[in-house]
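Structure record follows, encoded as structure tokens.
The residues of the chain are indexed from 1 along the displayed sequence. Note that these values count all heavy atoms, side chains included, but never hydrogens, waters or copies made by symmetry.
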Amino acid sequence: MDPLSDIVSMVTVDAAITSRLEASGSWGLRFAGVPYAKFGVVHRGECWISAPGHASVRLAAGDCYMFIAGGEYTMASAADTPGEAMDDAEARYAADAIDGWLQLGQAKDAPDVIVTGGRFVLDADHAALLLDLLPPVLPVYAGSQPAPALRAAMDLLVAETAAGARQPGGDLMRTHLAHIVVTAALRAHAAGPAVNGWLAALTDPQLGPVLRAVHDDPAHPWTVRELAQRAHLARSTFAARFRELVGVPPLEYLLRLRMHHAVELLRRPDASVTAVAERVGYASHSSFSHAFTRVMGAPPGRFRCRAADQPG
């Protein structure tokens with residue numbers, strides 16, 4: 001499985017909630033850090049979004065955006081809207097939104113800006129795997145080749161979420177559409193000029209083959225030397241370049257990948273810790289348990305018990 005598909009397939013979606021914003025005049029919303037990802041489409045007008053430590057991004061009609069990291073961000077009518085004028089957006093939505101529809105300003109019949117979007121909660125076991133690898137703000141502009149497909153997927157997800165539990169198969173549709181939205185957004189960003197980090201490594205001619213090999217066979221006893229050979233780089237050059245782009249050393253990346261695959265295996269009702277250890281490349285129960293606990297924060301037996309307690 002290619003690395004992007006492998007990572008996204010491990011992240012399950014707990015919920016998706018739709019929202020609509022219509023605004024006029026000068027306005028701003030500040031969203032606090034939350035444990036879920038957000039996405040949206042600008043249907044009319046323009047707005048600005050920004051996250052701490054990142055420059056403001058202008059979005060116009062047809063543009064899409066995604067916030068993967070769940071950190072604080074702002075959405076406003078202008079890039080220079082003062083921070084002290086911002087509202088707590090979560091509280092504002094809770095107090096003033098009607099069925100997820102929030103109106104700001106006076107011109108309700110012809111708003112300057114219309115944005116629809118939603119959110120999906122990433123399961124706690126795998127969220128960090130995705131969040132740690134990606135930038136917090138992912139804009140996808142209307143003129144880019146992947147934008148129409150991403151907008152279509154977002155619109156479908158908004159429609160399915162708005163339908164709630166009334167539609168047969170709604171849970172399955174929302175789960176698969178959420179995966180499509182995340183994958184399409186990441187693919188679109190990877191094809192853009194401002195790509196960096198792990199997404200840039202995926203398409204890098206030297207690191208891309210390394211990541212594909214590791215994801216194809218994470219249980220293989222990879223060494224830095226062997227991975228450097230696949231990249232056709234000297235060992236030290238490869239290690240430095242990998243850490244620079246991906247953010248962690250090669251073997252740390254491999255370790256995290258193995259442990260997240262182990263979580264998936266432990267969720268199966270017939271799983272044993274020893275068998276899972278062997279499947280992800282560990283010869284002993286104790287060495288696997290130590291590595292698993294370091295990465296996931298709890299011993300593997302606890303994840304197996306949790307999976308057994310979940311209804312089928």
Side-chain angles (χ1 to χ4, degrees), residues 1-13 37 39 66 68-69 120 122-123 125-138 140 144-146 149-150 153 175-233 237-265 267 276 279-282 291-292 295-296:
M1 186 180 293
D2 72 271
L4 182 56
S5 298
D6 191 23
I7 294 292
V8 175
S9 67
M10 286 190 283
V11 179
T12 58
V13 178
F39 63 92
M66 181 172 290
I68 291 290
F120 27 83
L122 309 177
D123 69 292
D125 291 343
H126 294 311
L129 182 64
L130 188 64
L131 304 186
D132 290 348
L133 293 172
L134 301 173
V137 184
L138 295 174
V140 180
S144 66
Q145 184 177 356
L150 178 58
T175 296
H176 286 299
L177 283 170
H179 279 136
I180 291 171
V181 166
V182 173
T183 305
L186 300 184
R187 179 191 288 176
H189 188 70
V195 64
N196 53 28
W198 180 72
L199 288 173
L202 292 184
T203 56
D204 184 86
Q206 294 169 313
L207 297 189
V210 171
L211 289 171
R212 287 192 292 273
V214 167
H215 281 263
D216 279 342
D217 189 6
H220 180 80
W222 296 104
T223 64
V224 175
R225 182 180 299 278
E226 185 177 6
L227 294 173
Q229 289 173 346
R230 284 183 173 265
H232 304 289
L233 292 171
T237 302
F238 162 74
R241 180 165 173 74
F242 190 99
R243 181 162 192 163
E244 177 186 4
L245 271 185
V246 180
V248 295
L251 297 187
E252 178 68 19
Y253 181 88
L254 174 62
L255 171 64
R256 295 183 186 183
L257 180 63
R258 284 174 169 176
M259 296 307 107
H260 283 279
H261 275 292
V263 169
E264 290 295 291
L265 295 170
R267 286 173 171 173
V276 170
R279 287 281 302 274
V280 297
Y282 285 80
F292 188 95
V295 174
M296 304 306 301

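- Between F292 and Y282, a ring centre-to-centre spacing not shorter than 6.0 Å is recorded.
- Taking OG from S5 and NE2 from H179, the interatomic distance works out to 10.5 Å, rounded to the nearest 0.5 Å.
- Closest of all the heavy-atom pairs between A219 and R279 is CB-O, 3.3 Å.
- Contact of the L257 side chain with the M10 side chain is registered, since non-hydrogen atoms from C-beta on lie closer than 4.5 Å.
- Annotation: salt bridge (Lys or Arg N to Asp or Glu O under 4.0 Å) contacts involving residues 198-212, sequence neighbours excluded, comprise D204-R241.
- Side chain of W198 to main chain of G247: no donor-acceptor pair is present (N/O by atom type, distance under 3.5 Å, no hydrogens or angles).
- Taking CG of L4 as the start and CG of L211 as the end, the distance is 11.0 Å to the nearest 0.5 Å.
- What you find for L150 and A185 is that their closest heavy atoms are CD1-N, 3.8 Å.
- Looking only at side-chain heavy atoms (C-beta outward), H215 and I7 come within less than 4.5 Å of each other.
- Interatomic distance, CG of L207 versus CG of L233, reported as 7.0 Å (0.5 Å rounding).
- Taking both residues in full, the closest heavy atoms of P218 and R258 are given as O-NE, 2.7 Å, listed atom of the first, atom of the second, then distance.
- Relative orientation of the Y253 and F242 rings is perpendicular, given thresholds of 30° and 60° on the angle between their planes.
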(request) Report the C-alpha separation of V181 and M66 in whole Å, then their side-chain angles, then the decisive distance to 0.1 Å, and conclude whether the side chain to side chain contact (heavy atoms under 4.5 Å, CB included) test is met. (result) CA-CA 9 Å; V181 166; M66 181 172 290; 3.3 Å; yes
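- The main-chain N or O of D6 is found under 3.5 Å from a side-chain atom of S9 such that the two form a donor-acceptor pair.
- The heavy-atom pair separating L227 from V210 by the smallest distance is O-CG2, 3.5 Å.
- The list of salt bridge (Lys or Arg N to Asp or Glu O under 4.0 Å) pairs with a residue in residues 244-255, not counting sequence neighbours, reads E252-R256, E252-R294.
- Across all their heavy atoms, W222 and A213 have their closest contact at CZ2-O, 3.5 Å.
- Across A201 and V246, no two heavy atoms sit closer than the pair CB-CG2, 3.9 Å.
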